[in-house]
Amino acid sequence: MSAVANQEIKLIARASEGRQNFWSLTLPELEQVMDGWGQPTYRARQVFQWAYKELAEDFADMGNLPRELRERLAETYSLVNLRAERDLISKDRQTYKALLALPDGQTIEAVLMLYEARATVCVSSQVGCAIGCPFCASGQMGLQRNLNAGEIVEQVIYFSRFLRRWHAGTAGELGSGITVPAEIQNVTNLVFMGMGEPLANYNNLWRAIRNLNAAHGLAMGARRMTVSTSGLVPRIEQFAREPEEVNLAISLHAANDELRDQMVPINKKWPVARLMEAASTYIATTNRRLSYEWALIQGVNDAPERAEELAIAIKGQLCHVNVIPLNPVSNTPFHRSSRQHIHDFQAVLTAHGIPNTVRIEKGVDIQAACGQLKAEQQGLTTVTED
Ligand code: SF4
């Protein structure tokens with residue numbers, strides 16, 4: 001880490017010292033605070049308006065609030081708790097990955113991916129990850145800590161602010177490296193597929209989702225959000241009962257226990273048959289289509305027999321399979337499958353009538369798979385391109 005970056009982290013730490021992350025707050029909580037401070041409760045809505053709609057970075061800018069209230073808010077809460085330590089833009093100018101420093105000096109990754117009319121942010125939910133999938137850079141770090149709800153929300157705010165600055169022509173050198181289609185004014189979609197297992201940080205995840213979804217928050221439709229899990233069965237069943245229609249994806253990667261025990265070690269606790277029960281419960285409870293993610297790894301899970309196993313395991317489910325040729329991480333023995341293997345794997349699923357897509361990950365040239373940039377920073381990996 002450079003001396004400048006170190007200095008910046010210290011500055012954020014000092015700036016938010018003793019103050020709470022504003023983005024963790026719900027509107028009713030801020031209304032209670034206003035009440036306790038002898039303020040009319042409508043002040044809370046005004047603050048939310050400034051924070052989520054105007055993307056204010058400083059309470060001092062909230063011009064329709066009394067000065068004393070602005071000062072008290074600034075003493076109590078912080079609107080900026082993340083600072084980009086590294087920014088990377090892909091060669092195709094459509095993917096922007098940020099290594100974001102938290103006030104305690106930990107770092108997480110978040111990625112903005114631009115499509116024709118969509119701006120999707122890939123959000124981290126934990127620092128590191130306890131699940132330990134051997135092909136994943138985050139899995140090699142172990143779990144450092146959960147993110148609080150504010151740190152999850154603020155990753156989206158970070159990119160919302162960036163898009164706002166880009167359209168205003170004030171995004172500087174970084175802005176000149178990326179091309180934002182005119183119709184994309186804000187973040188449109190979220191995938192909770194960054195560092196960490198989101199369902200292992202369940203309460204903070206949902207607090208964040210609700211602030212992002214609320215009309216007084218970022219007003220992002222629940223159906224535009226997808227949470228990805230490695231297979232925490234009790235949490236999948238709980239997720240199915242949540243009222244918001246957030247999409248769920250299961251990172252399956254193998255449909256037999258022997259292989260999945262190695263690839264996604266949580267499988268030893270909740271094996272494939274139990275996971276399939278939870279998946280069926282989710283579909284029956286929500287009547288929503290479930291996604292399966294399958295990172296296709298050469299010689300590991302890309303044989304037609306593995307596709308057959310998958311097809312049999314999920315047959316009859318309202319589901320879709322995303323086949324994702326691996327974004328390879330060095331210092332691991334895993335490589336991306338060949339085009340022929342990708343094609344053959346997909347052909348088996350199609351023959352079984354299972355809807356599927358091959359998704360080539362964006363931003364391969366900037367280490368966009370989860371945890372790769374942080375792992376590289378920590379000297380755990382270097383990133384390779386096939
Ligand atoms: S793939 Fe997901 S669940 Fe597995 S170690 Fe990486 S972040 Fe954790």
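Note that ligands are numbered from 1 as they come in the structure, with each ligand's atoms numbered from 1 the same way.
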Checklist line | For Cys129, the ligand 1 atoms whose distance to one of its heavy atoms is below 4.0 Å | finding: 3 (S), 5 (S), 7 (S), 8 (Fe)

Next item on the list: Hey, can you tell me if Phe22 and Tyr52 have their rings parallel, tilted or perpendicular (30° and 60° cut-offs)?
Entry: tilted

Check: Considering only heavy atoms, which of Gly139, Gly196, Ser124 lies nearest to atom 2 (Fe) of ligand 1?
Finding: Gly196

Item checked: Matching residue for Phe59 among Thr76, Leu73, Leu69 - test: side chain to side chain contact (heavy atoms under 4.5 Å, CB included) -> Leu73

Next item on the list: Examine all N, O or S atoms of Cys133, backbone included, and report whether one is under 2.8 Å from atom 6 (Fe) of ligand 1.
Entry: no

Check: Between Val227 and Ile209, is any pair of side-chain heavy atoms under 4.5 Å apart?
Finding: yes

Item checked: Contact atoms of ligand 1, heavy-atom distance to Gly132 under 4.0 Å -> 5 (S)

Next item on the list: Quick one: sort the Tyr77 and Trp37 rings into parallel, tilted or perpendicular, breaks at 30° and 60°.
Entry: tilted

Check: Which ligand 1 atoms does Cys136 reach within 4.0 Å, using its non-hydrogen atoms?
Finding: 1 (S), 5 (S), 6 (Fe), 7 (S)

Next item on the list: State, yes or no, whether a side-chain contact exists between Asn148 and Asn21 at a heavy-atom distance under 4.5 Å.
Entry: yes

